[in-house]
**Q** 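Structure provided below as structure tokens; questions to follow.
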Amino acid sequence: MSTSPSKRDFRCGSALSDRFVPPSYLLDSPRGRRLSVASWPELEGKATPRDTDVLIVGGGLAGVSLGSHLFHLGIDFLLVDPARHLGRRFLQRTGAIGQTTLRSPYAHYVGCQSSSDLDMLDFAKLHWHVLEDYERDQVRLATAGLRAIVPMDVFEGHLRHTVAAHGLDGRHVVDRVESVDESGGGFAAALSSGRNVRARAVVLATGEGTSAVQTGDPRVVRWDGDAALSSEAERVLVVGGGQSAATLALALLRRGKRVTLAYPADELHFQCLDFTADLFEPSGRLAYADHPEDPRFDFAPSVIHEFRHKLEAYEARGRLDILNRARLVDAGGVACLDRDGRREGIDHDMIVPCFGLVPEADVVGLGVTVGAGPRRNCELGRRVYTVGPLCKRVVGPIARAIEGQRVAVDRVVASIVGDLDA
């Protein structure tokens, strides 16, 4: 029997070789629907620095989940983040590339899973009347326990709901932590504003930063900024073969641009790292923690099939060019492509490298050794914890995913409760 996918396979979103294959029309989910009683202007950070039990450094998705847990336990905390709104960097990054959907299943949502909080699947059902028919089909799949695509509007609406329901905006200090020092059995954090916060425990939820490209070429812009989609450039070079590159290329093509997509491998598959379901189960995480070097955990990126038909259609119309075995290099302040050792000039109006994210390992002067990784309770030092990508050796490769962050949060909260009670 042939294992090659048919058009019907892609259209119906069936699973091939045990991989999730969503249909391409799911990328057409609209953006801008208001699916929450709260708006972002209403949820701007309102807290002022004060002494607290737990200081959360970073107000991204992991910080929101951690704050939600502490809220239910009645533990006092503050989130310090320079953005006016919690989770803003994630939303800004997805917005910068025109992303309209998330591959993460409905079960992977921010908040406290162990409480009676409204989960994202039920949140989507409450807004059934504003969903498109194909989005409702995905809700049905998720209800049946199958993997499903989540519209960004649903994710963002549920994020706003979570922030509002737990009063996290009232615990959010809009500032930046410059340093944290041990002081009197606790910690003293110095903020950029010159103010200070004292806390009994510290959790680093600083997330990931953008991989930088060192070149002085003015045509090169960051993929996670606003320049790419707002520019008037007509010819754009997008460099990368992951989900961010494919998403941005499609968004630019929809805006009438002429796009070249350059990728370093032999074939462009529009890939992303898609973990098996086993790693989201406790047994799978435990197996990884005990044997992290086991070759079974070396996952090849999966093909992002939902982009395939749309990008192939633009390529057939002459709007999209794809270059393989191409790397972006700097030649004396001018960006060029290296193809099999031969350097080629770039005549595009704008160049956007999409090289993904790297962990932000800044531990704000606490003197802990990040290279060794945190212990099983995600502790870096006495009452110093971390959630996010630095917890890979603790919770497995899913550490940087939303579900992995929640696993780390559960361990951090359990440790904090025991530590503060002691």
Side-chain angles (χ1 to χ4, degrees), residues 29-49 56-71 77-102 104 106 108-112 117-127 129-132 135 150-177 191-193 205-210 222-230 244 247 251 357 388 402 405-406:
S29 283
R31 284 288 276 133
R33 295 167 289 184
R34 179 169 172 173
L35 275 64
S36 174
V37 295
S39 66
W40 282 122
E42 297 169 324
L43 297 175
E44 184 169 336
K46 304 176 181 66
T48 56
I56 303 174
V57 183
L61 304 185
V64 169
S65 290
L66 177 57
S68 300
H69 278 65
L70 297 178
F71 168 88
F77 65 93
L78 285 179
L79 298 112
V80 179
D81 190 284
R84 296 198 309 274
H85 306 116
L86 298 173
R88 190 63 183 172
R89 184 163 68 167
F90 177 80
L91 295 176
Q92 191 276 328
R93 283 174 174 166
T94 54
I97 57 175
Q99 188 168 344
T100 61
T101 59
L102 289 176
S104 298
Y106 271 97
H108 300 175
Y109 58 89
V110 295
C112 184
D117 284 350
L118 182 66
D119 64 36
M120 193 161 62
L121 181 56
D122 285 337
F123 179 84
K125 292 176 181 178
L126 287 175
H127 296 86
H129 61 290
V130 300
L131 299 181
E132 303 291 337
E135 294 173 330
V150 180
M152 279 299 306
D153 276 358
V154 171
F155 182 88
E156 182 176 352
H158 183 261
L159 173 61
R160 287 198 304 271
H161 162 80
T162 302
V163 172
H166 299 89
L168 299 184
D169 53 316
R171 298 174 183 264
H172 172 201
V173 178
V174 182
D175 212 327
R176 185 184 301 276
V177 174
L191 309 184
S192 296
S193 62
T206 50
E208 297 175 291
T210 308
R222 296 167 60 98
W223 68 267
D224 61 339
D226 297 326
L229 292 184
S230 62
S244 295
T247 302
L357 302 170
I402 295 173
Q405 293 173 1
R406 284 168 50 183

**Q** Output, in order, the C-alpha distance, side-chain angles, deciding distance and verdict of side chain to side chain contact (heavy atoms under 4.5 Å, CB included) for L66 and I56.
**A** CA-CA 8 Å; L66 177 57; I56 303 174; 3.7 Å; yes

**Q** Is it the case that the side chain of S65 and the backbone of G111 share a donor-acceptor pair, with hydrogens and angles ignored and the cut-off at 3.5 Å?
**A** yes

**Q** In the structure I gave you, are the side-chain heavy atoms of V154 and L35 within less than 4.5 Å of one another anywhere?
**A** yes

**Q** Distance check, rounded to the nearest 0.5 Å: L86 atom CG versus L168 atom CG?
**A** 6.0 Å

**Q** Residues two or more places apart in sequence or in another chain: which of them pass ring pair (Phe, Tyr, Trp, His ring centres under 6.0 Å) with F77?
**A** none

**Q** Got a sec: does the CZ of R176 have more than 12 other heavy atoms crowding it under 6.0 Å?
**A** no

**Q** What's the spacing between S244 OG and L357 CG if we round to 0.5 Å?
**A** 7.0 Å

**Q** Report yes if the side chains of L79 and V173 come closer than 4.5 Å at any heavy-atom pair, otherwise no.
**A** no

**Q** Can you name the side-chain hydrogen bond (donor to acceptor under 3.5 Å, both in side chains) partners of Q92, sequence neighbours left out?
**A** D226

**Q** According to side chain to side chain contact (heavy atoms under 4.5 Å, CB included), who are the partners of Q405, at least two apart in sequence or on a separate chain?
**A** L61, A62

**Q** What are the two closest non-hydrogen atoms of G98 and L229, and how far apart are they?
**A** N-CD1, 3.5 Å

**Q** After noting the C-alpha distance and the side-chain angles of S68 and V110, does the key distance pass the side chain to side chain contact (heavy atoms under 4.5 Å, CB included) rule?
**A** CA-CA 9 Å; S68 300; V110 295; over 6 Å; no

**Q** Check whether any side-chain heavy atom of D81 lies under 4.5 Å from a side-chain heavy atom of R88, and answer yes or no.
**A** no

**Q** Check step by step if side chain to side chain contact (heavy atoms under 4.5 Å, CB included) holds for T101 and M152.
**A** CA-CA 5 Å; T101 59; M152 279 299 306; 5.6 Å; no

**Q** Apply side-chain hydrogen bond (donor to acceptor under 3.5 Å, both in side chains) to S193 and list each qualifying residue two or more places apart in sequence or on a separate chain.
**A** D175, R195

**Q** Can you name the residues that form a side chain to side chain contact (heavy atoms under 4.5 Å, CB included) with H161, not counting sequence neighbours?
**A** S36, L118, F123, H158, A165

**Q** I'd like to check P151 versus T100 (side-chain heavy atoms, cut-off strictly below 4.5 Å). Are they in contact?
**A** no

**Q** Please, which pairs that meet salt bridge (charged side-chain N to carboxylate O under 4.0 Å, His left out) have at least one residue in residues 162-173, sequence neighbours excluded?
**A** K46-D169, D76-R171

**Q** Taking the basic N atoms (NZ, or NE/NH1/NH2) and the acidic carboxylate oxygens, is any pair closer than 4.0 Å for R31 and E156?
**A** yes

**Q** Would you indicate whether the side-chain heavy atoms of W40 and L91 approach each other to under 4.5 Å?
**A** yes

**Q** Quick one: salt bridge (charged side-chain N to carboxylate O under 4.0 Å, His left out) partners of R89, sequence neighbours excluded?
**A** E360

**Q** Kindly write out the residues that satisfy salt bridge (charged side-chain N to carboxylate O under 4.0 Å, His left out) with E44, not counting sequence neighbours, or none if the list is empty.
**A** R84

**Q** Counting N and O atoms only, with roles assigned by atom type, does the side chain of R160 sit under 3.5 Å from a partner on the main chain of R34, one being a donor and the other an acceptor?
**A** no

**Q** Excluding sequence neighbours, so at least two apart, what forms ring pair (Phe, Tyr, Trp, His ring centres under 6.0 Å) with H166?
**A** F71, H72

**Q** Mind checking what makes side-chain hydrogen bond (donor to acceptor under 3.5 Å, both in side chains) contact with R33, not counting sequence neighbours?
**A** E135, D153

**Q** The criterion is ring pair (Phe, Tyr, Trp, His ring centres under 6.0 Å); which residues satisfy it with F155, sequence neighbours excluded?
**A** F90

**Q** With the side chain counted from C-beta on, respond yes when V177 and L191 share a heavy-atom pair under 4.5 Å apart, and no when they do not.
**A** yes

**Q** Can you name the residues that form a side-chain hydrogen bond (donor to acceptor under 3.5 Å, both in side chains) with H172, not counting sequence neighbours?
**A** none

**Q** With a 4.5 Å limit on heavy-atom distance, are the side chains of V64 and L159 in contact?
**A** yes

**Q** So do the side chains of M120 and V150 get within less than 4.5 Å of each other, counting heavy atoms only?
**A** yes

**Q** To the nearest 0.5 Å, what is the distance between CG (L102) and OG1 (T94)?
**A** 7.0 Å

